[in-house]
**Student:** 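Take this structure first; my questions come after.
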Amino acid sequence: MASPAPRHFPDRPQFSDFMKPCRFEGEVQNLEVHGDIPSDINGTFYRVMPDPQLPPFIDNDPWLNGDGNVSAFRIKNGSVTFQQKYVRTEKFVREREASRALIGKYRNKFTDAVEFAVRSTANTNIVSFNGQLLALKEDSPPYAMDPETLETKGLYTFDGQLPSVTFTAHPKTDPVTGELICFGYEAKGDGSPDICYYTIGPDGNFTQTVWLVSPVCGMIHDFAVTENWVLFPVIPHLSDLERLKQGGEHWQWSPKTPFYIGVIPRYGAKSSDIKWFTYKNSFPGHTVNAYEQDDGKIVFDLGLSDKNVFYWWPDAQGNSPEPSKIHTQITRFTVDPNAEEGSLPEPEVLHDGNSEFYRIDDRFSGRKYSHSYFDLMDPRLGTDFTAIGPVMGGGYPPYNSLAHYDESTGKTEVYFPGRTHLVQEPVFIPRAGSTEEGDGYLMALVNNYRTLSSELHLLDCRDFTKARATILLPLRLRAGLHGNWVDNN
């Protein structure tokens with residue numbers, strides 16, 4: 001006889017306190033604004049969070065296995081409207097009908113209560129392309145949503161052109177050509193080392209498809225694109241189909257596997273053109289940017305840690321680092337795409353602060369740039385962890401400030417939102433009419449642990465260290481993953 005469906009969420013940090021599932025759908029007009037929102041800001045900040053609608057039947061389910069719940073903050077004439085709606089994935093719809101969880105372990109279909117055609121939670125990123133709002137999870141095709149109503153249109157395969165069973169959560173838009181540059185890893189299914197690289201014209205038509213094979217079946221969460229090259233950083237979290245069939249975890253940290261970077265030409269590549277370069281075992285985080293030097297070498301900036309950042313997936317012996325010991329730094333690799341495959345030269349640490357969730361002025365994506373913006377953890381700033389610790393809940397490592405790093409000067413500016421606040425991923429908003437890199441605003445969702453509610457903080461990058469406006473939400477949004485600004489100017 002099957003066990004009864006759980007009626008409450010597990011007593012675990014990832015389901016408790018600030019991380020208790022939000023499960024809100026609806027709209028709030030005219031959010032409270034302290035300060036002022038510049039009149040030239042006209043657009044929408046979309047973000048998505050893993051937010052389980054029902055208690056899981058896996059007791060220690062990781063926090064990032066929840067259903068995708070999309071927030072839209074629409075800003076015009078200094079006023080902000082908040083709207084939120086779940087992505088109606090196959091999982092979401094069938095579980096709502098059953099009034100219980102049907103999906104099992106993270107990315108392990110062999111542990112599900114029923115068989116799914118598409119197992120996506122659509123909870124990792126939300127991007128705008130060719131009139132569609134695409135909710136992304138890297139194990140599946142996108143789900144399309146209406147940008148105005150947030151109604152789910154359905155699974156999106158680009159009119160049947162999508163060649164792989166997976167689609168990256170971090171596609172890149174070329175700011176000059178309007179192309180969408182994409183890939184899928186485990187592109188032929190769970191445990192496969194296949195990568196499918198493809199480019200999509202601004203009209204939605206595929207312009208090329210290249211099948212590649214990775215040296216290991218590892219996670220490729222993010223990647224980088226320059227004007228002429230594409231780089232695939234492989235995290236040493238490995239998947240194994242036999243382990244999945246036995247009910248194990250999709251990912252297992254491999255301390256003996258190097259950090260691989262695959263490099264291929266952006267245009268006209270063949271499968272045999274891929275080159276794999278290696279660096280010592282380490283964890284590549286999100287990319288900052290990449291570009292080509294005059295000598296033809298590629299500059300590749302990304303977050304890098306010497307420890308397993310996804311500590312909830314340990315190695316084969318069950319070893320994982322203490323979360324407070326994990327430190328990720330902005331690191332610069334210089335890659336010669338014309339060199340023979342082999343070990344990479346020692347990289348340069350650009351910024352030694354403990355950082356993640358890097359953003360740039362996207363108009364300079366794939367080109368030489370100077371300005372980056374990111375979450376920073378600096379314990380010297382005075383965050384009152386004694387007060388907020390008991391109500392934080394569990395999730396990714398906390399960050400207590402937003403930083404602006406100017407690589408051309410080496411200068412870092414820091415915005416500290418307060419002693420009882422932690423920050424989520426920022427987005428950059430260009431100033432209307434300006435083409436200067438970094439001339440604009442930074443916006444981020446901020447957790448207020450004193451009020452147990454969420455806030456939007458808006459910074460003018462010309463005066464970075466203080467908030468231009470603080471926008472209050474009458475509810476609490478749990479930790480999200482990624483989001484993007486869509487400008488209406």
Side-chain angles (χ1 to χ4, degrees), residues 138-139 163-172 174 179-200 207-240 251 253-254 256-293 296-305 309 331-347 365-366:
E138 61 201 49
D139 62 358
S164 60
V165 299
T166 59
F167 185 95
T168 178
H170 284 286
K172 309 298 181 186
D174 188 300
E179 286 178 290
L180 196 68
I181 303 99
C182 318
F183 74 100
Y185 72 90
E186 289 186 273
K188 292 183 180 179
D190 291 338
S192 74
D194 303 276
I195 302 169
C196 190
Y197 161 67
Y198 34 92
T199 54
I200 308 169
T207 53
Q208 62 177 336
T209 299
V210 185
W211 284 91
L212 310 164
V213 178
S214 173
V216 293
C217 181
M219 183 190 296
I220 313 175
H221 176 64
D222 200 356
F223 77 132
V225 177
T226 72
E227 292 184 72
N228 295 292
W229 299 95
V230 180
L231 301 96
F232 299 106
V234 182
I235 302 172
H237 266 291
L238 306 187
S239 181
D240 178 75
W251 297 119
W253 179 252
S254 176
K256 294 184 179 180
T257 298
F259 161 34
Y260 287 97
I261 298 178
V263 181
I264 63 165
R266 177 169 161 183
Y267 299 106
K270 306 184 299 295
S271 300
S272 58
D273 289 334
I274 185 89
K275 290 183 178 180
W276 292 101
F277 299 94
T278 60
Y279 183 63
K280 64 185 180 184
N281 178 259
S282 47
F283 188 105
H286 289 102
T287 64
V288 184
N289 199 14
Y291 62 90
E292 297 159 35
Q293 297 182 141
K297 293 180 180 178
I298 303 167
V299 170
F300 181 23
D301 298 341
L302 76 166
L304 195 71
S305 175
V309 175
T331 304
R332 169 167 291 180
F333 285 91
T334 301
V335 182
D336 183 354
N338 298 309
E340 296 295 320
E341 292 181 322
S343 298
L344 287 166
E346 192 67 21
S365 179

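Keep in mind the model is a prediction, meaning the values are calculated, not measured. In this chain, numbering begins with 1 at the start of the sequence shown.
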**Student:** Any idea which heavy atoms bring R266 and W229 closest together, and the distance?
**Tutor:**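 Distance-wise, the nearest heavy atoms are CB-N, 3.7 Å.
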
**Student:** Just to verify, what does Y260 make a side chain to side chain donor-acceptor pair (under 3.5 Å) with, not counting sequence neighbours?
**Tutor:**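 Once residues adjacent in sequence are excluded, Y260 has no partner under the side chain to side chain donor-acceptor pair (under 3.5 Å) criterion.
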
**Student:** Decide yes or no on ring-ring contact (aromatic ring centres under 6.0 Å, His included) for F223 and Y185, but give the supporting numbers first.
**Tutor:** CA-CA 11 Å; F223 77 132; Y185 72 90; over 10 Å; no

**Student:** Which pairs with one or both residues in residues 271-284 pass salt bridge (Lys or Arg N to Asp or Glu O under 4.0 Å), sequence neighbours excluded?
**Tutor:**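 Output for this query lists K270-D273.
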
**Student:** Assess whether side chain to side chain donor-acceptor pair (under 3.5 Å) is satisfied between Y279 and E346, documenting all intermediate values.
**Tutor:** CA-CA 8 Å; Y279 183 63; E346 192 67 21; 2.7 Å; yes

**Student:** Spell out, as yes or no, whether a donor-acceptor pair under 3.5 Å connects the side chain of D174 to the backbone of E179.
**Tutor:**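 Flag not set: sc D174 to bb E179 has no pair under 3.5 Å.
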
**Student:** Is any side-chain heavy atom of K172 closer than 4.5 Å to one of D222?
**Tutor:**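 Yes; the side chains approach each other to less than 4.5 Å.
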
**Student:** I want to check something: taking the side chain as every heavy atom from C-beta on, are C182 and I200 in contact at a cut-off of under 4.5 Å?
**Tutor:**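 They are in contact (side-chain heavy atoms under 4.5 Å apart), so the answer is yes.
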
**Student:** Between R332 and D301, is the closest basic N to carboxylate O distance under 4.0 Å?
**Tutor:**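 Salt bridge between D301 and R332, a charged N being under 4.0 Å from a carboxylate O: yes.
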
**Student:** Grab the two heavy atoms, one from Y198 and one from S164, that are nearest each other, plus how far apart they are.
**Tutor:**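 Answer, listing the atom of Y198 first, then S164: OH-OG, 3.3 Å.
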
**Student:** Strictly by modelled atom types, are E292 and T226 linked by a side-chain donor-acceptor pair under 3.5 Å?
**Tutor:**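 Looking only at side-chain atoms, T226 and E292 do form a donor-acceptor pair, the distance falling under 3.5 Å.
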
**Student:** Which heavy atom of W276 sits nearest to which heavy atom of P215, and what is that distance?
**Tutor:**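 That closest heavy-atom pairing would be CE2-CD, 3.3 Å.
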
**Student:** Do T334 and Q293 come close enough that some side-chain heavy atom pair is under 4.5 Å?
**Tutor:**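 With C-beta onward as the side chain, the pair touches.
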
**Student:** Specify the closest pair of heavy atoms between L304 and S282, including all atoms of both residues, with the distance to one decimal.
**Tutor:**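 That closest heavy-atom pairing would be CD1-OG, 3.7 Å.
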
**Student:** Any chance you could measure N289, atom CG, to L302, atom CG, to the nearest 0.5 Å?
**Tutor:**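 The CG atom of N289 sits 11.5 Å away from the CG atom of L302.
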
**Student:** Do N281 and W253 touch side chain to side chain, with heavy atoms closer than 4.5 Å?
**Tutor:**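 A side-chain contact under 4.5 Å exists here.
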
**Student:** What about F333 and F259, are their ring centers closer than 6.0 Å?
**Tutor:**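 So the answer is yes for these two rings.
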
**Student:** Can you sort out the partners of S254 under side chain to side chain donor-acceptor pair (under 3.5 Å), two or more places apart, ordered by chain and number?
**Tutor:**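 Side chain to side chain donor-acceptor pair (under 3.5 Å) list for S254, sorted by chain: T257.
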
**Student:** What is the distance from atom CD1 of I274 to atom CD1 of I195, rounded to the nearest 0.5 Å?
**Tutor:**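 Separation between the atoms: 6.0 Å.
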
**Student:** Set out, in order, the CA-CA distance, both residues' side-chain angles and the distance that settles side-chain contact (heavy atoms from CB on, under 4.5 Å) for F300 and T287, then state yes or no.
**Tutor:** CA-CA 8 Å; F300 181 23; T287 64; 3.6 Å; yes

**Student:** How about P284 and P236: do any of their side-chain heavy atoms sit closer than 4.5 Å?
**Tutor:**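 SC-SC contact between P284 and P236 confirmed.
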
**Student:** Which heavy atom of G218 sits nearest a heavy atom of V234, and at what distance?
**Tutor:**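 That closest heavy-atom pairing would be CA-CG1, 3.9 Å.
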
**Student:** Check whether any side-chain N or O of T207 sits under 3.5 Å from a backbone N or O of T199 as a donor-acceptor pair, and report yes or no.
**Tutor:**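 Answer holds: yes.
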
**Student:** Which pair of heavy atoms, one from C217 and one from E186, lies closest together, and at what distance?
**Tutor:**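 Distance-wise, the nearest heavy atoms are SG-CG, 3.7 Å.
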
